[in-house]
Amino acid sequence: TNWANSPQLSTGQFHFPAMDRVVALRNGFGFGISMSSSRIANYESINSGNLHGWFTGDGMTYLYLGNTETQFAGDFWPTIDPYHLPGTTVETNSHANSAGEATTTDQNWVGGAQVKGTYGVAGMSLHAWNTTLYGKKSWFILDNEIVCLGAGITCGGPAEVHTTAENRRLGPTITNSFVLNGKAITPTVGWSSNLPSASPSWCALGDLGGYYFPAGATNLQACFIASSGSWSQINSGDDSTTYTDNYLKLWFNHGLMPTNSSY
């Protein structure tokens, strides 16, 4: 009864090996990882729904903040760029509706471990459907930080390979502050920048958190962008109204045909 009446779950580290999923609940935030493997399929598209779910099982991360979190509700799914889901490393060639749904990969090294239900690690050997892209992805989930590592990112083409560190929905009006390497930036749609390659590099989004890149990177990019879409584009027969939301996007551009790229 006490648990049912509580507005917030207890903190802890939870691993679901039968689903290739990891959930970390901490004081003030929650973090989820969605993976796939030779045992667990990449995504489902049933009855003409979830038509653009292509990469949701390729290491997508979900960051939830507090009891009022609405990031993944509202208009997130019709407006998010499906090729730049947070946490994913993808080859950006175009996909048809429901392409490759319900398929497993040839990679079985996917899973993780937790310590006393408090901290955790997760790892994923990536080889997405219909691509020559391979990579190793790892997450170290601590108290107030998550360390994300990628290595061996290799692809034979034909499109660029991107790793999305964040693609955060900010709503139709941006009210967050933004700081880049200690300098306040007015978050305006159309702003973009290569983050400084000097080590280290960091940025922080007000009301959310910080993103720290200890080694810097010449291929790390940031932008504020408006993204539009309708529910009918991803679920046939749904509302065809076009919605627009603003996003902060942080991503590594590994370029065309990378070999042993990393983040």
Side-chain angles (χ1 to χ4, degrees), residues 3 6-37 40 55-69 71-72 84-89 109-126 135-153 163-169 176-182 195-196 198-217 220 222 248-252 261-263:
W3 179 85
S6 172
Q8 182 173 335
L9 296 174
S10 299
T11 60
Q13 182 74 28
F14 307 96
H15 290 237
F16 303 92
M19 299 190 296
D20 286 347
R21 299 293 189 268
V22 172
V23 174
L25 299 177
R26 302 291 187 263
N27 289 322
F29 76 93
F31 184 75
I33 307 172
S34 173
M35 301 176 287
S36 56
S37 64
I40 306 299
F55 306 111
T56 49
D58 288 359
M60 183 179 179
T61 56
Y62 299 77
L63 178 60
Y64 297 87
L65 296 177
N67 294 331
T68 60
E69 175 64 79
Q71 175 66 196
F72 303 103
H84 292 91
L85 300 177
T88 59
T89 300
W109 195 91
V110 176
Q114 56 88 13
V115 179
K116 294 184 177 180
T118 303
Y119 304 114
V121 297
M124 178 181 185
S125 181
L126 175 70
K136 306 293 186 184
K137 299 172 69 67
S138 299
W139 298 266
F140 295 80
I141 309 161
L142 307 174
D143 45 11
N144 289 323
E145 66 182 357
I146 298 100
V147 181
C148 308
L149 299 176
I153 299 170
T163 293
T164 304
E166 181 61 282
N167 201 358
R168 193 73 180 179
R169 185 169 66 101
N176 309 71
S177 60
F178 185 67
V179 178
L180 175 60
N181 273 24
L195 270 68
S199 175
S201 184
W202 65 273
C203 61
L205 182 67
D207 302 319
L208 182 69
Y211 302 85
Y212 176 59
F213 307 94
L220 181 58
L248 167 66
K249 182 163 69 172
L250 299 172
W251 77 103
F252 293 90
S261 189
S262 63
Y263 61 86

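In this text the structure is predicted, and so the values were computed from the model without any measurement. Side chains are part of it too, since the values below use all heavy atoms of this structure and drop only hydrogens, waters and symmetry mates.
- A222 approaches L195 most closely through the heavy-atom pair CB-CD1, 3.3 Å.
- When all heavy atoms of N176 and G206 are compared, the closest pair comes out as ND2-O, 2.8 Å.
- Remark: Y212 engages P200, W202, P214 in a side chain to side chain contact (heavy atoms under 4.5 Å, CB included) (not counting sequence neighbours).
- Annotation: the span from T88 atom OG1 to M60 atom CE amounts to 8.0 Å, rounded to 0.5 Å.
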How far apart are the C-alpha atoms of V23 and L25, what are their side-chain angles, what is the distance that settles it, and do they pass the side chain to side chain contact (heavy atoms under 4.5 Å, CB included) test?
-> CA-CA 7 Å; V23 174; L25 299 177; 4.1 Å; yes
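- Considering all non-hydrogen atoms of both residues, G59 and W139 come closest at O-CZ2, 3.7 Å.
- Taking all atoms of both residues into account, the shortest heavy-atom contact from G120 to R26 is N-NH2, 4.5 Å.
- In terms of heavy-atom proximity, M35 sits nearest to A122 at CE-CB, 4.4 Å.
- With contacts defined as side-chain heavy-atom distances shorter than 4.5 Å, the pair L205/V179 does not qualify.
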With ring pair (Phe, Tyr, Trp, His ring centres under 6.0 Å) as the test, would you mind laying out the steps for F72 and Y64 before giving the verdict?
-> CA-CA 9 Å; F72 303 103; Y64 297 87; 5.0 Å; yes
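- By the 4.5 Å heavy-atom criterion applied to side chains, F252 and F213 are counted as neighbours.
- Distance check, rounded to the nearest 0.5 Å: OG of S201 to CG of N181 gives 4.0 Å.
- Residues satisfying the side-chain hydrogen bond (donor to acceptor under 3.5 Å, both in side chains) criterion with E69, sequence neighbours excluded, are R168.
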Criterion side chain to side chain contact (heavy atoms under 4.5 Å, CB included) on L85 and N167, from CA distance to verdict = CA-CA 6 Å; L85 300 177; N167 201 358; over 6 Å; no
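- To the nearest 0.5 Å, the span separating OG on S36 from CG on D20 amounts to 7.0 Å.
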Derivation of the ring pair (Phe, Tyr, Trp, His ring centres under 6.0 Å) call for Y62 and F31 = CA-CA 5 Å; Y62 299 77; F31 184 75; 8.9 Å; no
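- In summary, the side chains of K249 and T164 do not present any donor paired with an acceptor at a separation below 3.5 Å, with no hydrogens or angles considered.
- Here the shortest heavy-atom pairing between L180 and P196 reads CD1-CD, 4.4 Å.
- Atom CE of residue M124 and atom OG of residue S37 lie 8.0 Å apart, to the nearest 0.5 angstrom.
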Report the C-alpha distance between Y119 and D143 in whole Å, list the side-chain angles of each, state the deciding distance to 0.1 Å, and finish with yes or no for side chain to side chain contact (heavy atoms under 4.5 Å, CB included).
-> CA-CA 7 Å; Y119 304 114; D143 45 11; 4.0 Å; yes
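- Distance check, rounded to the nearest 0.5 Å: CD1 of I153 to CG of L126 gives 8.5 Å.
- Side-chain atoms of Y211 and E166 include a donor-acceptor pair closer than 3.5 Å.
- For D58, there are no salt bridge (Lys or Arg N to Asp or Glu O under 4.0 Å) partners at least two apart in sequence or on another chain.
- Remark: the backbone N or O of C148 is not paired with any side-chain donor or acceptor of K137 at under 3.5 angstrom.
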Which is it for F178 and L248 under the side chain to side chain contact (heavy atoms under 4.5 Å, CB included) test, yes or no, and what are the steps along the way?
-> CA-CA 10 Å; F178 185 67; L248 167 66; 3.9 Å; yes
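- Evaluated for a side-chain contact (heavy atoms from CB on, under 4.5 Å) with T163, the options T89, L250, L220 yield exactly one hit, T89.
- For the atom pair L63 CG and L65 CG, the distance stands at 4.5 Å (nearest 0.5 Å).
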